[in-house]
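Below you'll find the structure, written out as structure tokens, and then a few comments.
Atoms within a ligand are numbered from 1 in the order they appear, just like the ligands themselves. Position 1 is the first residue of the sequence, and the numbers go up from there.
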Amino acid sequence: MAETRESASKETVRKEEEEEAEDQSFEELGLDARLLRALLKKGIEKPTPIQRVAIPLILEGKDVVARAKTGSGKTFAYLLPLLQKLFTANADRKKLAPNAFVLVPSRELCQQVYKEVLSLIELCRVQLKVVQLNGNMLVNDLRAALAGPPDVLISTPACIAKCLSSDVLKAASINQSLETLVLDEADLLLSYGYESDIKAFTPHVPRSCQCLLMSATSSADVDKLKKLILHNPFILTLPEVGNHKDEVIPKNVQQFWISCPASDKLLYTLALLKLELVQKKVLIFTNTIDMSFRLKLFLEKFGIRSAVLNPELPQNSRLHILEEFNAGLFDYLIATDLSQSKEKDEETKESNVGSRKSRKHAKIKLDSEFGVVRGIDFKNVYTVINLEMPQSLAGYVHRIGRTGRAYSSGASVSLVSPDEMDTLEEIRSFIGDDESKGTNSIVEFPLTKNAVESLRYRAEDVGKSVTKVAVRESRAQDLRNEILNSEKLKAHFETNPRDLDLLKHDKVLSKNAPPPHLRNVPDYLLDKTTKEAREMVKLARDAMGNNNRRRGSKRKLRKDGDPLKAIAAVGSRRRHKDRKTGASNSNNSGAKHKRKKNDI
Ligand SMILES: Nc1ncnc2c1ncn2[C@@H]1O[C@H](COP(=O)(O)OP(=O)(O)OP(=O)(O)O)[C@@H](O)[C@H]1O
């Protein structure tokens, strides 16, 4: 009895401590006033759990291995203290190389982190120089970028290795100047093939350098990196870390699955989108580039416009696609996740062979530094659809982590064919499927047979017209357009960001406009359950203020030019209005995002 009372009071104390921690502010973490102001301007009010624990430790100068689920705010967890350290660095000390290196596994992540740092610096009104490098840059460009040298360098490990081997960065200079080293998405760095690059660089990291490892999952690779890089004896693993599923998969993502034959996947995706059974914005993952174009062409015939993001595209195009999607210019993005697919291996093999062939005959190379699936912060994605299943649990975790970022909610729907049941079983045995426990679970999506069958006839008809040849041609045409645009418009967009809209990436590929009978689904085709589900999604969208976002942002575009700025302006005006009326923007959205499973 006494024991029960004791454990009950311990539990109460623990809960109180947790609540106290949840109320903690950025200020209490010891952040500089300039950073606090910048966060406020960004509408970021309170730290996430990983930020609460990591920031004070990093400010104390400790090495940190931070493992926290996708979308938990790891970037600010290291960027804020890193910048604070640079604010107070000794300006008189002559440095020969950047003070801080942030290494990430893909160019997309380089760009994302770079933008985040720039925006913080701008808002803090401090003079710090930041550069991002990528493996495609010429040695002279690398040298120019590193002249100075900058305070922060953001790069993939491959590019650092290139700088070292071409003497653009000298080992002795790194040893003299490097004070902070961050390995972001550390669980991916080795699997992306950067082991030898990291090994070439680590001997030059000085013992005094503070090393930070950020990772979404734990793996042997993270342990390997930890042993390779961390010198400092204070290696701290955060209390949040453990092996439990809840720490890996965000709780705020409702996970669904649908059993369907592989040949019906386009039909099921059409049903989800056309009948508006899932909430926008939607990110759809496929395992091959051809499947991405097949889906795009197929959806186009039904008047659903989407953009395709794949490693074959020039980097500028990929960045524009991400920017546009994040700015809300379109609602459906099809992303090819080649991270574990055969296509990647084959293409890589072929491109290696191709390097020996004449340039004329060489195949288009896939970008080995492409990694859009993991770590990229797609903004306001509500639904992730796995049109094809990833081949591993880790792939699944990273994909669904593109929604439910920070304090927002989301949903994922996985279309599972009989061949993919093993992956589903692996996922289920990891996360469990006991809904009643209130923890993570993956449940069947309430899609009625009628809803699918109502579209089958049209879908099969249209599916036949999306032939292999049509897919191949569209893929080639898209690539040609993008290369042309990318080269021609790169400089132009730098000086005329408002023209970004010209490069809309959800352009229609087929020549004929979709006929009205495919564009609109007649009411009589929908059964009662589907109508109800659709109404629920609509209500939820209204509650979240998402309706007609597309039209709204277009209007804004014409008026204010730059889509990114236009949207930011709307946001800040709304915040201003909310302040006037006493409403808090982020708290409201948090409350509005809380929905029941049946709402989908
Ligand atoms: N304290 C916060 N409050 C609200 N939003 C936040 C906060 N910190 C970060 N965010 C936002 O949450 C989103 C996810 O953050 P971030 O990209 O750092 O996650 P992550 O943990 O690195 O995820 P992943 O492992 O998938 O890369 C970003 O849009 C970021 O701006």
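- Considering each of G71, G401, A77, G73, the one bringing a non-hydrogen atom nearest atom 23 (O) of ligand 1 is G71.
- Of all the heavy atoms of R402, the ones lying under 4.0 Å from any atom of ligand 1 belong exclusively to the side chain.
- For the pair F285 and R402, the minimum side-chain heavy-atom distance is below 4.5 Å.
- Closest heavy-atom approach to atom 27 (O) of ligand 1 among the candidates E185, R67, Q112, K74: E185.
- Numbered from 1 in the order shown, with element, the atoms of ligand 1 that lie under 4.0 Å from a heavy atom of K46 read 1 (N), 2 (C), 3 (N).
- A donor-acceptor pair shorter than 3.5 Å can be found between the side chains of T48 and Q51.
- Atoms of ligand 1 lying under 4.0 Å from any heavy atom of T48, numbered from 1 in the order shown and given with element: 1 (N), 2 (C), 7 (C).
- Residue contacts with ligand 1: E116 is placed with no nitrogen or oxygen under 3.5 Å of a nitrogen or oxygen of the ligand (distance criterion only).
- Under the 4.5 Å side-chain criterion, counting only non-hydrogen atoms from C-beta, L120 is in contact with K42.
- Listed by atom number, the atoms of ligand 1 under 4.0 Å from S72 heavy atoms are 19 (O), 20 (P), 21 (O).
- At a 4.0 Å heavy-atom cut-off, ligand 1 does not touch H398 at all.
- Annotation: E27, atom CD; neighbour count of heavy atoms from other residues, nucleotides and ligands within 6.0 Å does not exceed 12.
- Of the heavy atoms in T75, both backbone and side-chain atoms come closer than 4.0 Å to ligand 1.
- Contacts with ligand 1 closer than 4.0 Å are made by side-chain heavy atoms of K379 only, the backbone lying farther away.
- Classification of the F101-F201 ring pair by plane angle, with boundaries at 30° and 60°, yields parallel.
- Salt-bridge annotation for K41 and E122: absent, with no side-chain N of the basic residue lying under 4.0 Å from a carboxylate O of the acidic one.
- A donor-acceptor contact closer than 3.5 angstrom links the side chains of E28 and S25.
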